[in-house]
Amino acid sequence: MPQTPTRDAAETRTSTGSNGSDYLIRHTTLRQLQLLEAIVRLGSFTRAAEELFLTQPTVSMQIKKLSEAIGSPLFRQVGRAIEPTDAGREVHAACRDILSTLSNLEIKLADLKGLKRGRLRLGVLTTAKYVAPEILGAFCQVYPGIDVSLKVTNRENILERLMGHDDDLYVMGQPREINDQIQTIPFAPNPLVMVASVEHPLAGRCAIPLSALADENFILREPGSGIRDAVLAQFAAGGLVPRVRMQLGSNEAIKRAIVGGLGIAVLSLHSLTLESGGGRLALLDVEGFPIMRRWHLVYSRARELSLIARTFLDFAIDYEPEIRARLAEAEENFASLRDRLVAQSP
Ligand code: PGA
């Protein structure tokens, strides 16, 4: 609902004298700034109203008042969507700084009272969804006053979120688009393994050359996935192209498809720790696999890391040995499964 400021308001604004910020202090509220931040982030008045537990008319009214105080419309309608005007963008940039300073102040004050309250926004790769909830669970036991939001998506979307400062902290691969605005801290290993059904004839073979997979049906992740890029690059390095039978946007769906005999695929070992104890999946001993990758804890230096995010970062680093131990156990289980399959194979 884009709002046009009234003429009176614009006139009042220009006639209030020398100090513009003084004018804004008297005519805007922090709640209005919080609303504007949420509308720009969520791209919708309705969703902002839901997030902040307000009615839509209240949101529209407050944005109208803010728009009048600023002296310009803050949003415009583009088709069915809304987008911020240039003035809206400027106000939004200022809002983020103000709200992040306040949120840090809240945490520091809470700390002084021996409490920790606030919000942690985490964005993680689909491969990290197998460990992030567990780390968050342990973290929230120590800091029960903290609200957590977890966004799970593929590499391309995580990069977009990082550039848009949508979350406090990310678990992702090394951003290639690295610059001095981005801080990366190496985190747990993320081995990418070749997975087949235990019934697959190659499951009982050792040292399989990559070229032997050229005729296999492949299940590949969707465009934008880091695993997909890694698999295609690995094949390309051997002068090969996998025969793609199907593309799926979910690691879990891929596991089902493998069990259903639709083909083989590359997955993160993290997504297989539960199956490693004896399921219907086996790891293939293929030349060039596992592809040894590593996650990183990543954040943008453009915004000060909140105290909560910093505390979580340290907590996650301390938690890393548990993640490594789980991977090692999965590796061992899959290795003994392979030994059994090799012994049984003709
Ligand atoms: P993704 O994960 O395939 O979901 O982008 C990539 C990775 O784990 O490196």
Side-chain angles (χ1 to χ4, degrees), residues 121-136 149-164 166-167 169-178 182-196 218-237 241-242 244-258 262-276 281 283-284 286 288-299 316-317 319-320 322-324 326-328 330-331 334:
R121 290 199 188 122
L122 202 60
V124 308
L125 287 176
T126 66
T127 50
K129 82 171 176 195
Y130 296 92
V131 302
E134 180 186 322
I135 307 176
L136 281 172
S149 81
L150 176 66
K151 177 75 190 172
V152 178
T153 185
N154 69 22
R155 178 182 169 87
E156 191 173 290
N157 294 332
I158 287 285
L159 275 170
E160 254 174 45
R161 295 181 73 86
L162 170 66
M163 297 308 161
D166 288 347
D167 311 281
L169 200 61
Y170 299 88
V171 180
M172 61 183 298
Q174 171 96 33
R176 267 188 300 274
E177 303 67 7
I178 196 118
I182 296 172
Q183 177 72 47
T184 64
I185 298 154
F187 191 47
N190 179 23
L192 304 184
V193 291
M194 188 71 76
V195 190
F218 250 87
I219 308 161
L220 207 57
R221 281 280 305 279
E222 77 288 359
S225 145
I227 298 186
R228 175 194 176 96
D229 292 349
V231 175
L232 294 177
Q234 189 78 345
F235 272 76
V241 179
V244 180
R245 164 105 186 247
M246 146 184 305
Q247 299 192 38
L248 289 174
S250 137
N251 300 318
E252 289 304 307
I254 289 181
K255 286 196 268 180
R256 295 277 169 167
I258 298 171
L262 289 169
I264 63 174
V266 174
L267 290 169
S268 162
L269 186 55
H270 290 284
S271 63
L272 296 160
T273 50
L274 289 181
E275 284 82 358
S276 72
L281 296 173
L283 303 194
L284 299 187
V286 179
F289 284 85
I291 302 175
M292 286 312 295
R293 310 236 298 186
R294 198 164 183 180
W295 286 326
H296 291 72
L297 295 162
V298 177
Y299 61 91
I317 291 169
Y319 202 89
E320 195 210 4
E322 297 222 17
I323 303 172
R324 282 180 184 269
R326 184 106 29 89
L327 272 186
E331 261 160 21
F334 276 122

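In listed order, ligands and their atoms are each counted from 1. FYI, side chains are in, hydrogens and waters are out, and symmetry mates aren't considered; it's all heavy atoms of this structure.
In terms of protein heavy-atom proximity, atom 1 (P) of ligand 1 is nearest to Gly226 N, 3.5 Å. The protein heavy atom nearest to atom 4 (O) of ligand 1 is Thr126 OG1, 2.5 Å.
Across the listed options Val171, Val124, Thr127, Thr127 owns the non-hydrogen atom lying nearest to atom 8 (O) of ligand 1.
Distance alone, capped at 3.5 Å, places no donor-acceptor pair between the His296 side chain and the Gln183 backbone.
Pairing each heavy atom of Met172 with each of Leu162, the nearest pair is SD-CD2, 4.3 Å.
Proximity of Asn251 to ligand 1, defined as any heavy-atom pair under 4.0 Å, is not found for any part of the residue. Within the 4.0 Å heavy-atom criterion, neither part of Met172 lies near ligand 1.
Between Phe218 and Phe235, the angle of the ring planes goes over 60°, which puts this pair in the perpendicular group of the 30/60° scheme.
Applying the 4.0 Å criterion to heavy atoms of Ser225 picks out, from ligand 1, the atoms 1 (P), 3 (O), 5 (O). Close approach to Leu125 involves these atoms of ligand 1, each under 4.0 Å from a residue heavy atom: 2 (O), 5 (O), 6 (C), 7 (C), 8 (O), 9 (O).
Salt bridge status for Arg326 with Glu134: present, with a side-chain N to carboxylate O gap under 4.0 Å.
Of the polar atoms of Arg221, at least one N or O is found under 3.5 Å from an N or O of ligand 1, judged by distance alone.
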